[in-house]
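I have placed the structure first, in the form of structure tokens, so that the comments after it can refer back to it.
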Amino acid sequence: FRVGEKRIVVSAHLVQDNDAKVFTNWSSDLDTIHLNHGDPMMELTLEKVSPTSVQSVRRVALDGSSLPLTPETAPGGGLLLRVPIRDEEGGAAREWFRDTEVLTFFVEVKLK
């Protein structure tokens, strides 16, 4: 969603599909992400946003902590972001979600 003229916020809400804490992308290629193992990433593409129009991008956890992200150009044009899905180890948000079936975070894109 847009916040004013120069900010876009994307909300990610991932829910595990089974006891193995795996998220399956049922809407497209059936790719899977382990929600509690390793350092999984997801790719987010905003086709109508040019990387040259971006001032900054960050992943924001529910506790307010943030991680800067690097804007890239998507293969077909537009903005490509590689976003870690797990919250920072030792952070409050990681502790909140440690034993739940849900992961929620935001991606904030500030435009020039």
Problem - Sequence-distant partners of Ser53, side chain to side chain donor-acceptor pair (under 3.5 Å), two or more places apart - result: none
Problem - Qualifying residues under salt bridge (charged side-chain N to carboxylate O under 4.0 Å, His left out), relative to Glu47, sequence neighbours excluded - result: none
Problem - Enclosure of Lys48 NZ (heavy-atom neighbours >12, cutoff 6.0 Å) - result: no
Handout entry: Side-chain donor or acceptor of Arg59 paired with backbone N/O of Leu69 under 3.5 Å
Key = no
Does [X] share a hydrophobic cluster with [Y], counting links as ILVMFWY side-chain heavy atoms below 4.5 Å and allowing steps through other members?
X: Leu81; Y: Val10; result: yes
X: Val107; Y: Met41; result: no
X: Ile8; Y: Leu80; result: no

Heavy-atom pair with the smallest gap, counting every atom of [X] and [Y]:
X: Thr104; Y: His13; value: OG1-ND1, 2.7 Å
X: Ser66; Y: Arg58; value: OG-NH1, 3.3 Å
X: Phe106; Y: Val9; value: CD2-CG1, 4.0 Å

Practice task
Starting at OG1 of Thr70, measure out to CZ of Arg82 and round the result to the nearest 0.5 Å.
Solution key: 10.0 Å
Practice task
Would you give the length of the straight line joining atom CG of Leu79 to atom CD of Glu72, rounded to the nearest 0.5 angstrom?
Solution key: 9.0 Å
Practice task
Output every pair passing salt bridge (charged side-chain N to carboxylate O under 4.0 Å, His left out) with a member in residues 4-14, not counting sequence neighbours, ordered by first then second residue.
Solution key: Arg7-Glu108
